[in-house]
Each structure stands twice: as C-alpha cells, then as structure tokens.
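These numbers come from the heavy atoms of this one structure, side chains and all, not from hydrogens, waters or symmetry mates. Per chain, numbering begins at 1; letters A, B, ... match sequence-line order.
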2 protein chains.
Amino acid sequence: MDSKPIRMVTVPKAVIKRLPMYFRFINQLIEQGTERISSRELSQLMGITSSQLRQDLSYFGEFGQQGYGYKVVTLKQAISSIIGLEKIYNAIIVGAGNMGKAIAGYPGFSRRGLKIIGIFDNNPEIIGNKLGSLDVLDVKTLPEFLNKNPVEVGIITTPASVAQEIADILITAGVKGIWNFAPVLLHGNKNVIIEDIHVGDSLMTLFFKLNKNK
Amino acid sequence: MDSKPIRMVTVPKAVIKRLPMYFRFINQLIEQGTERISSRELSQLMGITSSQLRQDLSYFGEFGQQGYGYKVVTLKQAISSIIGLEKIYNAIIVGAGNMGKAIAGYPGFSRRGLKIIGIFDNNPEIIGNKLGSLDVLDVKTLPEFLNKNPVEVGIITTPASVAQEIADILITAGVKGIWNFAPVLLHGNKNVIIEDIHVGDSLMTLFFKLNKNK
DNA sequence: CTATACAAGTGAATTTTATCACAAATCAAA
DNA sequence: TTTGATTTGTGATAAAATTCACTTGTATAG
C-alpha cells in the first residue's frame with residue numbers, strides 16, 4: 001500500500017504573498033457563520049480565479065472534497081497552521097510616535113499572536129508615558145532589555161534616519177524577525193527575517209493610478 | 001527624418017509596483033548629493049538586477065546615457081512625473097484613531113502632495129479635538145463637507161465593520177481615489193481607484209517566513 | 001586622436017506565474 | 001440504485017515577468 005507522494009516543489013513567492021488574503025477572507029466567513037464554500041464562490045468573493053485558489057492551496061496539501069467544496073473551519077485551521085498563527089511571538093516596538101501607538105493599540109495583532117512586551121523612544125517628553133499597560137522606556141536601555149527578556153520580533157517605527165542603528169541593536173541581540181515601518185532598506189544577515197511595510201509606497205501607487213486614469 | 005517610434009505596450013503590473021521603490025532610492029541619492037549613477041550601482045543598492053532596472057525604466061522612456069549612466073536629478077524628475085507627484089490632492093481622513101493620527105501627522109505625505117483638509121470620527125469624545133491645525137469633525141457631517149469642498153482622495157482608517165459604509169459615502173460624493181487601511185475588500189465602481197494597505201497582511205507574511213525558517 | 005572601458009537600451013531566451021480543462025470523486029434527487 | 005450536477009486537484013498550456021547577451025554609443029586616459 002503506497003502512501004501518496006509529496007510534490008516536492010518550493011512554494012512560489014506569489015503564492016506566499018496571497019496567504020494573508022486567504023486567511024482574511026476565511027476568517028470573515030467564519031464570523032458570518034458560513035460552514036462550507038466552493039472554490040468558485042470563495043474566489044469570487046476575493047476577486048481572483050477559482051483555479052488560482054485551488055492551485056495555491058495545492059502547494060500545501062488537500063483541504064477540500066470533490067463535489068462538496070471546503071469546510072470553512074478546516075480551511076481556517078490549515079491556513080493558520082501554514083502561516084504559523086498558533087504561535088505567540090514576544091515583540092518590542094521602537095518609536096512611540098503615532099505609528100508605534102497605532103501598532104501597540106490595535107487588538108487585531110495581539111489576537112494573531114503578537115505580544116508587545118516593551119515600547120521604546122528617545123524623546124524625554126515621551127519616556128515614562130503610559131501606553132496601555134506599558135511604560136515608554138528609554139531607547140538607551142534597549143540592549144539591556146533585550147538581554148533580560150526573550151524577544152523574537154522587533155518593530156521599527158522610528159524615523160528613517162535612525163532605523164538602521166536600531167536594527168543593528170536588534171540583530172545583535174538575536175531577534176528572529178524585524179517588522180520595519182521606516183522607509184529605508186535595512187541591512188541584516190541570514191539569521192534575521194526583515195519584513196518591510198512602506199506605507200508611502202502604497203500612497204504613491206494610488207497617485208500613479210489616479211494620474212494614469214486622468 | 002523619422003521620429004523614434006514609441007513602443008506601444010502596456011506597463012506590466014510588476015513594474016508599477018516597483019515605481020515607489022525607485023523614487024525612494026533616487027530621493028535618497030539626491031539627499032546624499034550623488035550626481036550620477038549607473039544601473040549596476042543603483043540596482044545593487046536596491047537589491048535587484050541591473051537589467052530589471054533598465055528594462056523597467058524603458059517602459060517610460062530613455063533617461064540615461066550610454067557609457068555614463070543616469071543623472072540623478074533627471075531620473076528623479078522623470079519618476080516624479082511618471083507617478084504624478086507634482087500634483088496636489090485634497091484628502092480627508094475618516095477615523096481619527098491612532099492610525100488616522102499617524103497618517104495626518106506624517107510630514108512625508110504632505111511633502112508628496114497629499115493635503116489633508118478634514119478628519120472625521122463618530123466618537124463624541126474625540127469629535128472637537130484638535131489634530132494639528134484641524135478639528136476632528138462628526139462623521140455625520142461628512143456628506144455635507146464633501147459637497148462643499150473639493151476632495152479627490154478619501155482615507156479610511158476606521159474599523160472594518162464600517163469601512164464599506166464610509167466608502168459608499170465617498171464614492172457617492174465623487175472622490176477619485178480611496179486609500180483603504182481597513183482589512184476588508186471594498187466594493188467600488190470603475191470611476192474610483194481603491195488602493196488597499198493591509199498592515200496585518202504584512203505581519204502575517206513575517207510570521208510565515210519566521211515559521212518556515214524554524 | 002586613438003584605444004579601451006563603460007554602460008544604456010532592447011530583442012530574445014528563460015523562468016515564473018496564472019489559467020485551462022479534464023479525470024476522479026462526491027452529492028443529491030428521482 | 002442510478003443518473004446528472006458539482007467540484008476538487010492537477011497535468012498541460014498560456015501569459016507574464018525576469019534575465020541574458022549583444023549592439024550601439026559615450027567617456028576618458030594616454
């Protein structure tokens with residue numbers, strides 16, 4: 001009795017980029033109480049083709065049933081596991097400006113496993129302020145803090161000019177990932193994953209499309 | 001005497017996505033006082049291949065010189081013009097939470113031509129607060145405001161649950177573009193450009209990569 | 001002035017991504 | 001049961017994006 005061979009292909013980058021979208025939509029279905037859905041229906045909700053949806057999922061396994069579709073809870077479980085959402089990551093935020101506060105205060109992130117255990121700034125007027133249950137700490141104490149507390153993820157919401165300096169501190173301390181909001185390319189090494197989110201790029205894309213349509 | 005034929009091909013989506021990155025790096029070169037750069041050097045800074053850089057630029061024209069490279073100021077001017085950064089867009093923000101404040105307070109956006117002329121919320125405790133030079137207005141007055149003031153861009157930083165409702169108001173009033181921070185797919189029409197920025201998706205991508213590397 | 005190194009722009013080849021279309025499995029109605 | 005309607009998963013195909021590699025032009029050193 002043969003077991004099914006696993007197709008040993010690497011997951012395309014384009015597929016990885018779509019995983020969060022899949023999670024978002026499946027989660028929405030759960031909230032609505034939907035129990036099952038076909039690739040055709042789900043793909044229409046998302047604005048993609050059904051074959052793309054099926055092909056994408058096929059890189060990770062078989063989650064549906066022919067003639068029936070997908071059980072929504074099964075699919076949510078599968079995608080959570082693929083992304084790694086069942087884990088909890090300790091994180092600190094550097095930069096307690098509006099963006100830092102927005103990240104710290106958004107309940108959606110803690111719900112997904114991001115646990116903020118420290119927030120830092122260099123502005124004496126901000127240091128010591130309460131932010132939810134956390135005190136804003138002096139960034140000078142950051143290396144010490146990282147030494148005493150297990151931190152997997154560093155979040156950079158500082159101005160661009162100091163972002164690399166902060167990244168170096170985080171990397172030296174051995175964080176596994178950096179979530180970077182500063183509009184610069186950070187240099188790291190193979191031991192750290194750097195994920196950029198350039199909000200300004202999104203605005204420029206909007207501008208380009210507005211400009212083109214004129 | 002023949003004029004050079006224009007290659008009539010549409011610009012690939014992948015190229016459009018990279019335009020903001022080009023602008024970011026060229027801008028950085030300007031700040032550093034660099035005067036000229038080759039495709040090889042610039043591409044190394046950006047972490048892409050030089051042929052991709054040259055191929056991308058070729059969709060919009062010829063901006064360099066053989067044996068010399070690119071004049072940085074010329075390139076900045078060209079890309080600004082392609083993206084449409086010389087224009088000024090009037091914008092309003094709906095949702096005066098931390099994210100709304102972060103957008104309103106970030107000087108980089110006004111520098112790129114985004115002029116915030118109003119900010120709205122539905123929370124009585126927030127309405128009336130000062131945010132820079134703007135008062136937070138009651139979202140009930142949004143349709144009236146849009147009627148009296150020319151607004152090209154609406155920025156949605158509300159919870160997901162009310163985002164579509166706000167989008168409908170903006171679309172009815174005839175805004176040209178919506179910059180959406182709420183984690184939902186907004187439904188619009190062909191007259192409005194909707195640009196989404198899903199911050200949570202970026203976090204999930206980081207989680208996926210951390211998970212994969214384990 | 002000449003020779004050499006440099007470097008843009010681009011057609012062609014390659015690689016990656018998306019779509020098609022169909023076999024196999026399941027469901028549901030008669 | 002049996003039959004017809006669904007619907008998945010996937011090889012094959014098509015389309016899109018990236019890289020190669022070469023031609024042409026420019027700069028610069030001697």
Side-chain angles (χ1 to χ4, degrees), chain A residues 2-19 21-22 26 29 34-76 78-79 82 205, chain B residues 2-19 21-22 25-26 29 34-79 82 205:
Chain A
D2 298 322
S3 64
K4 187 150 199 177
I6 299 169
R7 290 192 301 152
M8 274 311 281
V9 291
T10 54
V11 180
K13 289 190 185 73
V15 175
I16 293 171
K17 275 195 318 197
R18 282 191 290 271
L19 286 174
M21 172 178 66
Y22 291 138
I26 290 158
L29 291 175
T34 308
E35 285 191 2
R36 81 173 208 191
I37 196 161
S38 68
S39 62
R40 188 173 45 77
E41 287 174 290
L42 180 51
S43 65
Q44 277 169 1
L45 283 178
M46 303 201 301
I48 63 174
T49 64
S50 65
S51 62
Q52 178 166 75
L53 173 55
R54 293 197 303 277
Q55 182 104 90
D56 282 2
L57 292 177
S58 78
Y59 286 101
F60 302 101
E62 305 184 4
F63 309 111
Q65 197 168 16
Q66 289 168 329
Y68 177 87
Y70 299 87
K71 277 208 166 118
V72 173
V73 283
T74 309
L75 206 47
K76 175 174 176 172
I79 292 180
I82 291 163
T205 301
Chain B
D2 298 322
S3 63
K4 189 150 196 175
I6 299 169
R7 291 192 301 152
M8 275 311 282
V9 291
T10 54
V11 180
K13 288 192 186 70
V15 175
I16 293 171
K17 274 196 316 197
R18 281 191 292 269
L19 287 173
M21 173 179 64
Y22 291 138
F25 278 90
I26 290 159
L29 291 175
T34 307
E35 285 191 5
R36 79 171 208 192
I37 195 161
S38 68
S39 63
R40 187 174 45 77
E41 288 174 290
L42 181 50
S43 66
Q44 277 169 1
L45 284 178
M46 302 202 301
I48 63 174
T49 64
S50 64
S51 61
Q52 179 166 76
L53 173 55
R54 292 197 304 277
Q55 184 88 268
D56 281 2
L57 291 177
S58 79
Y59 286 101
F60 301 102
E62 304 185 5
F63 309 111
Q65 197 169 15
Q66 289 169 330
Y68 177 86
Y70 299 89
K71 278 210 165 113
V72 173
V73 283
T74 309
L75 207 46
K76 176 175 175 172
Q77 162 56 35
I79 292 181
I82 291 163
T205 301

Check nucleotides 14-18 of chain D against the protein and report each pair of N or O atoms closer than 3.5 Å, with its distance, or say if there are none.
{"residue": "D/dT18", "atom": "OP1", "partner": "B/Arg18", "partner atom": "NH1", "Å": "3.0"}
{"residue": "D/dT18", "atom": "OP2", "partner": "B/Arg18", "partner atom": "NH1", "Å": "3.2"}
{"residue": "D/dT18", "atom": "OP2", "partner": "B/Arg18", "partner atom": "NH2", "Å": "2.6"}
{"residue": "D/dT18", "atom": "O5'", "partner": "B/Gln52", "partner atom": "NE2", "Å": "3.3"}

Reading nucleotides 25-30 of chain D 5' to 3', which nucleotides get B (base under 4.0 Å from a protein heavy atom), which S (sugar-phosphate only), which -?
BBS---

Between atom CG in B/Leu53 and atom C1' in C/dA8, what is the gap in whole Å?
10 Å

Take the protein atom OH of A/Tyr70 and the nucleotide atom C1' of D/dT7, then report the distance between them rounded to whole Å.
9 Å

Would you name the heavy atoms of B/Phe60 and B/Leu19 that are closest together and state the gap between them?
CE1-CD2, 3.8 Å

Less than 4.0 angstrom between a side-chain N/O of A/Ser39 and OP1 or OP2 of D/dT8, yes or no?
yes

Residue pair A/Ser50 / A/Ser39: nearest heavy atoms and the distance that separates them
CB-O, 3.7 Å

Measure the distance from NZ on A/Lys71 to P on D/dT7 and round it to the nearest whole Å.
15 Å

Shortest non-hydrogen separation from A/Leu57 to A/Phe63 and the atoms involved
O-CE1, 3.7 Å

With side chains defined as the heavy atoms from C-beta onward, is the minimum distance between A/Met46 and A/Arg18 less than 4.5 Å?
no

In whole angstrom, give the distance that lies between atom CG of B/Leu75 and atom C1' of C/dA8.
12 Å

Does C/dA7 have OP1 or OP2 under 4.0 Å away from a side-chain N or O of B/Arg40?
yes

Minimum heavy-atom separation for B/Tyr70 and B/Ser38, please, with both atom names.
CD1-C, 4.5 Å

Once you round it to whole Å, what is the distance between P of C/dG9 and CZ of B/Phe60?
13 Å

Heavy-atom pair with the smallest gap, counting every atom of B/Ile37 and B/Leu45
CD1-CD1, 4.1 Å

B/Ile37 CD1 to C/dA8 C1', straight-line distance once rounded to whole Å
14 Å

Minimum heavy-atom distance A/Tyr22-A/Ile79, with the two atoms named
CB-CD1, 3.7 Å

Rounded distance in Å - CZ (A/Arg54) to P (C/dA23)
15 Å

B/Arg36: what forms a side-chain contact (heavy atoms from CB on, under 4.5 Å) with it, not counting sequence neighbours?
B/Tyr68

Euclidean distance, atom CG of residue B/Leu42 to atom C1' of C/dA7 [Å, nearest integer]:
13 Å

Validation row: A/Ser43, A/Ile48 side chains within 4.5 angstrom (heavy atoms):
yes

